[in-house]
Trainee: 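Sharing a structure with you now.
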Amino acid sequence: MSEAYKTAERQGTGPSGATGVDRFFRITERGSTFGREIRGGFATFFTMAYILVLNPLILGGAKDKFGEQLDPVQLTTATALVAAVMTIIMGVGGNLPLALAAGLGLNAVVAFQLAPLMSWDDAMGLIVLEGLLICVLVVTGLREAVMHAIPQQLKQAISVGIGLFIALIGFVDAGFVTRIPDAANTTVPVQLGSTGTLAGWPMLVFCVGVLLTVGLLARKVRGAILVSIVTMTVVALVVNAVADVETWGLTTPEWPDKIVDAPDFGLLGQFSLFGAFGQVGVVTVVLLVFTLILSDFFDTMGTVVGVSAEAGLLDEDGKVPGLGKVLLIDGAAAVAGGAASASSATSYIESAAGVGEGARTGFANLVTGSLFGLALFLTPLLTIVPLQAAAPALVAVGFLMMTQVKHIEWDRYEIAIPAFLTIAVMPFTYSITNGIGAGFLAYVLIKTVLGRAKEVHWLLWGTSALFLVYFAIDPIEQLLGV
């Protein structure tokens with residue numbers, strides 16, 4: 001934290017001669033300048049703008065219980081709108097250089113866990129409900145109780161499991177990994193490519209994209225993921241124009257008739273707050289909402305603290321200034337994301353890129369949010385990206401989330417076994433909820449077997465009991481004659 005900031009904190013006023021905007025955002029107080037804030041805002045946007053492609057890719061590629069799919073153009077509009085509005089609100093209300101957009105991992109839960117069980121309206125209603133409950137947790141102060149209930153290393157295992165799940169989705173979406181039909185009479189469930197080998201121009205685009213992305217990440221290039229997506233989209237456009245490609249899958253890389261178009265707000269307000277209860281029952285809804293809260297809430301806490309520490313904004317006790325307000329805005333972002341059918345919006349760790357460029361205040365968010373607003377009118381340009389050009393980003397994000405595995409103590413079986421089950425069950429069952437449940441149940445069981453049941457927080461006992469019902473729902477229904 002800069003000396004100017006500390007001095008201003010003690011005096012309660014901004015530096016003399018500062019403009020109104022400067023004083024409001026405390027730019028000079030925090031040792032920053034308008035130039036640094038603007039550069040930081042651009043840097044943050046370019047490191048997280050990939051969500052404008054990936055969110056429609058993930059949500060638009062899934063079907064709900066009734067076989068319905070969301071429109072990619074409308075998804076792009078909703079994603080950009082929520083990111084623009086909530087990033088600006090965080091800047092003005094929270095005064096942190098912390099941008100928000102649809103959360104990766106959370107959108108995978110919606111697409112591959114919620115939607116197959118219910119309609120899209122019901123699934124987005126659960127996102128709204130999750131956001132409202134997070135706001136209640138913040139207002140009542142229960143966030144500390146929930147945080148302390150889950151062992152830190154189990155939280156990290158959840159992030160790792162989601163990372164592997166996202167990477168698997170990337171491989172599957174690109175066709176790099178495919179399911180072997182049961183008619184093949186083989187015990188191997190998946191294979192390389194569609195025939196056991198890699199073939200076709202689209203597959204070459206994906207493989208080169210993966211190599212480009214990991215190379216850029218290794219070089220620590222800012223905006224590596226976005227650079228890869230843009231580069232490989234251009235390559236795909238050229239390949240599609242000169243080669244005979246049978247199919248690219250969901251999206252064919254063809255230059256649109258127009259680059260700028262009016263945004264399509266057709267998905268706004270398309271949610272049902274309590275519709276899911278009638279589709280899957282109360283117990284399943286409670287577990288699904290808990291999964292969403294767990295993923296969203298703890299990811300946010302880590303991101304807020306990490307970005308604030310990087311910016312030197314933590315106080316003497318290591319606390320984030322105005323944390324309650326920041327978390328409340330983040331909870332409201334989840335509500336906004338669900339209400340717009342863009343999935344839960346959350347704080348982005350990529351905001352650290354803006355901090356690296358000098359951003360220290362919420363003014364940088366005005367820049368980032370404005371750029372997302374501009375993207376609203378560039379939807380035709382953003383929807384030419386094929387799966388093979390965007391999927392490498394999923395693999396890269398999976399790697400980034402996987403790095404949390406180093407914090408797990410693998411020689412302590414009481415935490416290592418639950419962590420392993422959490423990580424393994426998620427991708428192997430294509431379910432984030434199953435992974436979390438397996439980890440919680442194993443943790444409670446092992447602690448009990450070791451005679452240390454008292455170390456388990458009562459909230460974890462209660463949650464594990466719900467997961468036990470969740471996994472045993474079929475025999476329970478048979479016993480009850482339901």
Side-chain angles (χ1 to χ4, degrees), residues 1-9 11-52 80-101 220-227 300 303-315 319-323 325-330 332-333 345-376:
M1 186 184 301
S2 68
E3 288 300 319
Y5 178 49
K6 291 179 180 178
T7 302
E9 280 284 279
Q11 294 175 348
T13 60
S16 60
T19 65
V21 175
D22 190 327
R23 286 194 297 271
F24 180 84
F25 287 103
R26 304 162 74 180
I27 295 173
T28 303
E29 291 181 27
R30 295 186 177 182
S32 186
T33 65
F34 281 105
R36 292 176 184 173
E37 297 297 312
I38 292 172
R39 288 198 305 272
F42 271 90
T44 295
F45 174 77
F46 283 117
T47 54
M48 62 183 287
Y50 62 82
I51 194 60
L52 295 175
L81 178 65
V82 172
V85 173
M86 296 313 304
T87 295
I88 291 174
I89 290 176
M90 178 65 81
V92 176
N95 198 23
L96 285 180
L98 193 67
L100 300 93
K220 300 188 184 303
V221 175
R222 286 197 177 99
I225 292 176
L226 183 62
V227 170
T300 295
T303 298
V304 171
V305 173
V307 171
S308 299
E310 182 85 6
L313 298 178
L314 299 181
D315 63 18
K319 296 180 180 179
V320 178
L323 178 60
K325 188 183 298 184
V326 171
L327 291 177
L328 187 60
I329 294 172
D330 189 89
T346 188
S347 303
Y348 262 58
I349 193 63
E350 285 85 350
S351 302
V355 171
E357 290 291 337
R360 296 293 181 271
T361 76
F363 187 82
N365 276 28
L366 301 188
V367 178
T368 304
S370 297
L371 291 172
F372 273 115
L374 180 63
L376 281 169

Trainee: Distance check, rounded to the nearest 0.5 Å: Glu29 atom CD versus Ile27 atom CD1?
Mentor: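 Glu29 CD to Ile27 CD1: 10.0 Å, rounded to 0.5 Å.
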
Trainee: Working to the nearest 0.5 angstrom, can you tell me the gap between Met48 CE and Leu371 CG?
Mentor: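 These two atoms lie 11.0 Å from each other.
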
Trainee: Return yes if some donor-acceptor pair links the side-chain N/O of Arg360 with the main-chain N/O of Ala311 below 3.5 Å, else return no.
Mentor: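 Yes.
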
Trainee: Does the side chain of Thr87 pick up a donor-acceptor pair with the side chain of Asn365 at under 3.5 Å?
Mentor: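 Side-chain D/A pair, Thr87 to Asn365: absent.
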
Trainee: If you take all heavy atoms of Ala359 and Gly40, which pair is closest and at what distance?
Mentor: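 Taking Ala359 first and Gly40 second, the nearest heavy atoms are CB-CA, 4.0 Å.
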
Trainee: What closest approach, in Å, do Phe372 and Ala80 show between heavy atoms, and which atom pair accounts for it?
Mentor: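 Distance-wise, the nearest heavy atoms are O-CB, 3.7 Å.
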
Trainee: Quick check for you: to the nearest 0.5 Å, what is the distance between Thr368 atom OG1 and Phe46 atom CZ?
Mentor: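 Going from OG1 on Thr368 over to CZ on Phe46, the span is 10.0 Å.
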
Trainee: Taking all non-hydrogen atoms of both residues, which atom of Val307 and which atom of Ala352 are closest, and how far apart?
Mentor: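 Answer, listing the atom of Val307 first, then Ala352: CG2-N, 4.2 Å.
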
Trainee: Does any donor atom in the side chain of Glu37 or Thr361 lie under 3.5 Å from an acceptor atom in the other side chain?
Mentor: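 Glu37 vs Thr361: donor-acceptor pair found between side chains.
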
Trainee: Distance from Ser370 atom OG to Ile88 atom CD1, nearest 0.5 Å?
Mentor: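 The CD1 atom of Ile88 is 5.0 Å from OG of Ser370, to the nearest 0.5 Å.
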
Trainee: Taking the inter-plane angle between the rings of Phe25 and Phe363 on a 0 to 90° scale, is it parallel (under 30°), tilted (30 to 60°) or perpendicular (over 60°)?
Mentor: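 Phe25 vs Phe363 ring planes: perpendicular.
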
Trainee: One pair to check against side chain to side chain contact (heavy atoms under 4.5 Å, CB included): Leu96 and Ser308. What are the steps and the verdict?
Mentor: CA-CA 8 Å; Leu96 285 180; Ser308 299; 3.8 Å; yes

Trainee: Counting C-beta onward and ignoring hydrogens, is there a side-chain heavy-atom pair between Val21 and Phe34 closer than 4.5 Å?
Mentor: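 In short, these two side chains touch, coming nearer than 4.5 Å.
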
Trainee: Decide whether Thr346 and Thr300 meet the rule of one side-chain donor and one side-chain acceptor closer than 3.5 Å.
Mentor: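 Yes.
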
Trainee: If you take all heavy atoms of Gly373 and Ala84, which pair is closest and at what distance?
Mentor: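 Smallest interatomic distance, heavy atoms only, reads N-CB, 3.6 Å.
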
Trainee: After noting the C-alpha distance and the side-chain angles of Val92 and Leu366, does the key distance pass the side chain to side chain contact (heavy atoms under 4.5 Å, CB included) rule?
Mentor: CA-CA 8 Å; Val92 176; Leu366 301 188; 4.0 Å; yes

Trainee: How far apart are the closest heavy atoms of Asp330 and Ser347, and which atoms are they?
Mentor: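 Answer, listing the atom of Asp330 first, then Ser347: OD1-OG, 2.8 Å.
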
Trainee: Considering all heavy atoms of both residues, which atom of Ala83 and which atom of Ala101 are nearest to each other, and what is their separation?
Mentor: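 So the minimum-distance heavy-atom pair works out to CB-CB, 3.8 Å.
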
Trainee: How long is the straight-line distance from CZ of Arg30 back to CG of Asp22, given to the nearest 0.5 Å?
Mentor: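 Separation between the atoms: 11.5 Å.
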
Trainee: Enter the distance from Leu100:CG to Ile329:CD1 here, rounded to the nearest 0.5 Å.
Mentor: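 Interatomic distance, Leu100 CG to Ile329 CD1, rounded to 0.5 Å: 8.5 Å.
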
Trainee: Do side-chain atoms of Arg36 reach the backbone of Ala364 as a donor and acceptor pair under 3.5 angstrom?
Mentor: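 Pair absent, no side-chain N/O of Arg36 close to backbone of Ala364.
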
